[in-house]
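Here the structure is laid out as structure tokens; the discussion comes afterwards.
We use all heavy atoms of the structure for the numbers below, so side chains are in, but hydrogens, waters and symmetry mates are not. Naming: A, B, ... by sequence-line order, numbering from 1 per chain.
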Amino acid sequence: MEMKNILSLGGRLKRLLAKAEEEGRGIIAEAQEKADETVRVAKDEAEKRLVRAQYRTGLDEFLKDAEEEAKKEAKRVEKEYAKRAEDIKAVPEDRIREAAELLVKEVMPK
Amino acid sequence: MSQELDSKLIEKIVEQRNQFLVDAKERAQRILAKAEEEKQKIMEQTNKNIEGIVGSELRAVHDRIVGRAQLEGRKKLLEARMEVLDAVKAKALEEVKALALGKRTDVEYSDHLIKLIIEADEAMEEDEYSISANKRDLEYLKKNLNQVSKALKGKKVRLSETPADIIGGVIVVNSNGTKTMENTLEIRLEAANGRLQTEIAEKLGVI
């Protein structure tokens with residue numbers, strides 16, 4: 001009787017393990033399926049975008065981004081030049097006088 | 001004793017079962033993470049490929065917008081430089097006028113006036129001249145005609161009756177009127193300004 005019980009318990013435990021293994025395989029299979037789908041969708045999308053780029057359709061989307069970037073850069077450039085122009089105009093009066101004197105000397109015959 | 005064995009076996013099996021599930025979940029997470037990584041790579045590679053295809057258009061957009069800003073910027077720099085150089089020239093003109101009116105004590109203008117005539121003579125190499133100047137300078141030259149003649153080593157000099165509308169300096173013409181040298185202060189200032197513009201800009205650090 002006792003032996004029968006042990007055998008019965010062993011069988012149940014074996015089934016439990018088998019079930020767990022199956023459940024685990026299910027989890028992995030589900031993940032793999034999801035992963036394959038993710039990659040497939042990405043590849044599909046990439047392919048579509050490439051074709052659109054090749055046929056120059058949807059180019060506006062890229063150009064818009066590039067334009068935005070370029071506008072930001074242009075603002076930086078404008079600011080930099082404006083600062084340099086201000087620095088140039090800020091020459092002190094005494095240096096203007098010095099430079100003018102250089103001209104005056106050149107005007108007079110030696 | 002047997003019960004104890006049973007419970008240990010059950011415990012071990014349950015533990016094993018749980019471990020199966022934990023391992024499976026971890027493996028599933030790794031699979032998903034790898035897929036996500038691959039998706040990113042595909043997107044990056046696609047963006048690079050697209051950039052390669054429409055690169056010239058993108059560069060054209062960049063060059064048009066940034067290029068225009070650079071052009072405008074350089075124009076502003078040039079205007080700023082010209083503003084400073086114009087200020088130098090205006091100041092120099094002011095000083096030259098003061099000098100011609102004898103308002104500057106550090107410069108003897110009458111000496112320079114004679115030198116301007118000598119310079120014209122050296123350039124023209126004629127025997128006879130007609131000299132024109134502004135009213136003030138003509139009066140000075142009339143009063144000092146001997147000095148002028150001496151400076152020109154006895155060459156014949158005739159002074160114009162009509163004053164010239166100039167700041168200072170002289171307009172020297174040969175006897176038959178075929179050669180003229182305008183050795184006026186304004187013309188010399190223009191010439192000097194042209195010659196020294198780069199040097200002045202460098203000195204002022206505006207280049």
So for [X], is it side chain, backbone, both, or neither that comes closer than 4.5 Å to the heavy atoms of chain A?
| X | value |
| --- | --- |
| Arg59(B) | neither |
| Ile200(B) | side chain |
| Glu119(B) | side chain |
| Ile13(B) | both |

Partner chain A: residue of [options] with the largest heavy-atom pair count (under 4.5 Å):
| options | value |
| --- | --- |
| Arg68(B), Arg30(B), Lys76(B), Gln70(B) | Gln70(B) |
| His112(B), Lys25(B), Lys115(B) | His112(B) |
| Leu204(B), Val84(B), Val14(B) | Leu204(B) |
| Asp111(B), Asp23(B), Thr46(B), Ile187(B) | Thr46(B) |
| Glu51(B), Arg64(B), Glu83(B), Gln40(B) | Glu83(B) |
| Gln29(B), Met43(B), His62(B) | His62(B) |

Report yes if some heavy atom in the side chain of [X] is under 4.5 Å from a heavy atom in the side chain of [Y]; otherwise report no.
| X | Y | answer |
| --- | --- | --- |
| Thr184(B) | Ile167(B) | no |
| Arg188(B) | Asn183(B) | yes |
| Leu141(B) | Val170(B) | yes |
| Tyr140(B) | Lys135(B) | no |

*Ion pair Glu93(A)/Lys91(B), N-O distance below 4.0 Å*: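 A salt bridge is absent here (no side-chain N lies under 4.0 Å from a carboxylate O).
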*asked:* Between Asp87(A) and Lys83(A), does any NZ, NE, NH1 or NH2 come within less than 4.0 Å of an OD or OE carboxylate oxygen?
replied: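 Counted as a salt bridge, because a side-chain N and a carboxylate O are separated by less than 4.0 Å.
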*Quick one: salt bridge (charged side-chain N to carboxylate O under 4.0 Å, His left out) pairs with a partner in residues 26-44 of chain A, sequence neighbours left out?*
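For residues 26-44 of chain A, and leaving out neighbouring residues, the salt bridge (charged side-chain N to carboxylate O under 4.0 Å, His left out) pairs sorted by first residue read Glu37(A)-Arg40(A), Arg40(A)-Asp44(A).
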*Of all pairs that satisfy salt bridge (charged side-chain N to carboxylate O under 4.0 Å, His left out), the ones with a partner from residues 36-49 of chain B, not counting sequence neighbours*: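 Only Glu36(B)-Lys39(B) qualify under salt bridge (charged side-chain N to carboxylate O under 4.0 Å, His left out).
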_Main-chain N/O of Leu145(B) paired with Ser149(B) side-chain donor or acceptor, under 3.5 Å_ =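 Side chain of Ser149(B) to backbone of Leu145(B): no pair is present.
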*Is the side chain of Arg81(B) donor-acceptor paired with the backbone N or O of Val206(B) at a distance under 3.5 Å, no angle test?*
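Yes, Arg81(B) side chain to Val206(B) backbone: donor-acceptor pair under 3.5 Å.
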*Closest heavy-atom contact between Ala92(B) and Leu189(B)?*
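Distance-wise, the nearest heavy atoms are CB-CD1, 3.9 Å.
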*asked:* Give me the atom names and distance for the closest heavy-atom approach of Ala24(B) to Ile28(A).
replied: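 That closest heavy-atom pairing would be O-CG1, 3.6 Å.
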_I need the contact set between residues 66-73 of chain A and chain B: heavy-atom distance under 4.5 Å, sorted by residue number._
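If one takes a 4.5 Å heavy-atom cut-off, the residues of residues 66-73 of chain A near chain B are Ala66(A), Glu67(A), Ala70(A), Lys71(A), Glu73(A).
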_Residue among Met108(A), Glu78(A), Glu101(A) with most heavy-atom pairs under 4.5 Å to chain B_ =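 That would be Met108(A).
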Under 4.5 Å from any heavy atom of chain B - which part of [X]:
| X | result |
| --- | --- |
| Val39(A) | both |
| Lys75(A) | neither |
| Arg56(A) | side chain |

Do [X] and [Y] have a side chain donor and acceptor closer than 3.5 Å?
| X | Y | answer |
| --- | --- | --- |
| Asn49(B) | Arg49(A) | no |
| Asp121(B) | Tyr129(B) | yes |
| Glu108(B) | Ser110(B) | yes |

*Residue by residue, scan residues 93-101 of chain B and write down, ordered by number, those that have a heavy-atom distance under 4.5 Å to chain A; if none do, write 'none'.*
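Residues Glu95(B), Val96(B), Leu99(B) are the ones that qualify, each having a heavy atom under 4.5 Å from chain A.
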*Yes or no on salt bridge (Lys or Arg N to Asp or Glu O under 4.0 Å) for Glu128(B) and Lys155(B), after CA distance, side-chain angles and deciding distance?*
CA-CA 6 Å; Glu128(B) 197 178 330; Lys155(B) 288 182 181 176; over 6 Å; no
